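Just so you know, ligand 1 is whichever comes first in the structure, and atom 1 is the first atom listed for that ligand. Model, not experiment: these values are computed from the prediction.
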Amino acid sequence: MAAMTDLQRGDFGDEFTWGVAHASYQVEGAWDADGKGPSIWDAFAHGGGRIRGGATGDVACDFYHRYETDTDLVRELGFDAQRFSISWPRVLPDGVGRVNPAGLDFYDRVVDACLERGVQPWPTLYHWDLPQALQDRGGWANRSIVGWFEEYVQVVAERLGDRVRDWMVFNEPCSFLVVGHLLGYHAPGVRSLRTYLAGTHHVNLAQAVGARVLRATVADANVGTTHIVTPMTTAGDTERDRRARASLDVIANRIFWEPNLGLGYPVDDAPLIAGIDRYRKAGDDEDVRVDWDFVGVQYYQRQRVLSWPVPKLRGIPLPRKDFRRYEITAMGWEVQPDGLYESLERWHAYGRIPTLIVTENGAAFPDHLVEGRVHDDRRIAFYRDHLAEVRRALGDGIPVHGYFCWSLMDNFEWAEGYDPRFGLVHVDFDTQARTVKDSGRWFQGFLGADAT
Ligand code: GCO
């Protein structure tokens, strides 16, 4: 692995934002505290058998009660910004209608805790924890959800908009639509092409509605959204390989990006998605457009695409990992730092996004807490090598304005439970003790915070 010993904060410029990220269900716990309604992840986790080790987010990192000391850590490590998400059912227990004042108060306190410590709050409005009450009405497959989402965004923007400038509407639509609605191993556990297509169109409309509400409600709002970017490769270069790659690229990437950019649905490159037309109405092509201030690029891995159909998924070629040539993380993901450059370059090539921000990048490795230390050298190398790719992108004129580590601390990794540890800070889930890992100390030094 290339050792980028000369990497310096100054290489990224004075205006560059350095942050850490986490999400409501993954860290908050307090799943039913103070009037919160259940989310689809509460229902999925309590349903049993679908999460490694039977884990739930009931307690998670107990961020709900520890947000102040956790935000102290953000400051201590030298970061400028904290990306967190807002739990829709904490704010609106039934999804619409009745507001839960205690839920809104919590996010109010989180924002203030950031500001008091000189940390910019970067909330995401939807990081997958839909109110179960709305799932019971069809969830993302029901077009009414665009209006439900509008109501929710309005409530949050009115409350936090006097102090929060930087907003993300969604986190990775691909992940919850493909994994939750097509493959079925994330909440709500649905396995249906139709639901995936309907949900995708409604999420794309909700992106635009959310952005409009933020612009109308928050003065000087900096409005973006986040997307996982998964570059696709193939084993060979036959016509069949190329078609498989193009098709999966649509299903996992372009279908979530291009309608908002005014480019429509790339049906020609993936006839499998033609059924999405059933859910489109007159005026939607206009309504779905958004002029993003920024797009958050989230990069973890490339995928290798198989070129033969899998009957149960009606011909969708599944990605496959190539375990032979690259270092592998605890998630089974290949470490390929140049894929981050490729992801940034690809978004830049659309020519429609003024600013890109890496809103997630990071890795899980088998960490060991020994005598109060976690020597996670592999994670340090991972960050150095990926940051070197960000620097290369900047050098090539790609407008990257920030970088957020996934994650501040070890947390609930969805269907994988608590085994994969992504944090810069180790969490003992029995005692809730936090221990800064060597990677956290590395950032502290890199960001110049250890001198203060
Ligand atoms: C996602 C989410 C995070 C994950 C992270 C590691 O990309 O899946 O935004 O919630 O925890 O990516 O898998």
Qualifying residue for side chain to side chain contact (heavy atoms under 4.5 Å, CB included) with Lys437, from Arg379, Met409, His375, Arg373: Arg379
Parallel, tilted or perpendicular: ring planes of Trp128 versus Phe176, cut at 30 and 60 degrees: tilted
Shell of residues surrounding ligand 1, defined by a 4.0 angstrom heavy-atom cut-off that is strict: Gln26, His127, Trp128, Asn171, Glu172, Gln298, Tyr300, Trp333, Glu360, Trp406, Glu413, Trp414, Phe422
Option from Asp72, Thr71, Asp112 for which side-chain hydrogen bond (donor to acceptor under 3.5 Å, both in side chains) with Arg117 holds: Asp72
is_close_aromatic(His227, Phe256), centroid dist under 6.0 Å: no
Over-ring placement of Arg90 relative to Phe106, 6.0 Å and 45° cut-offs: yes
Ring-face cation contact, Phe446 with Arg9, 6.0 Å cut, 45° max: no
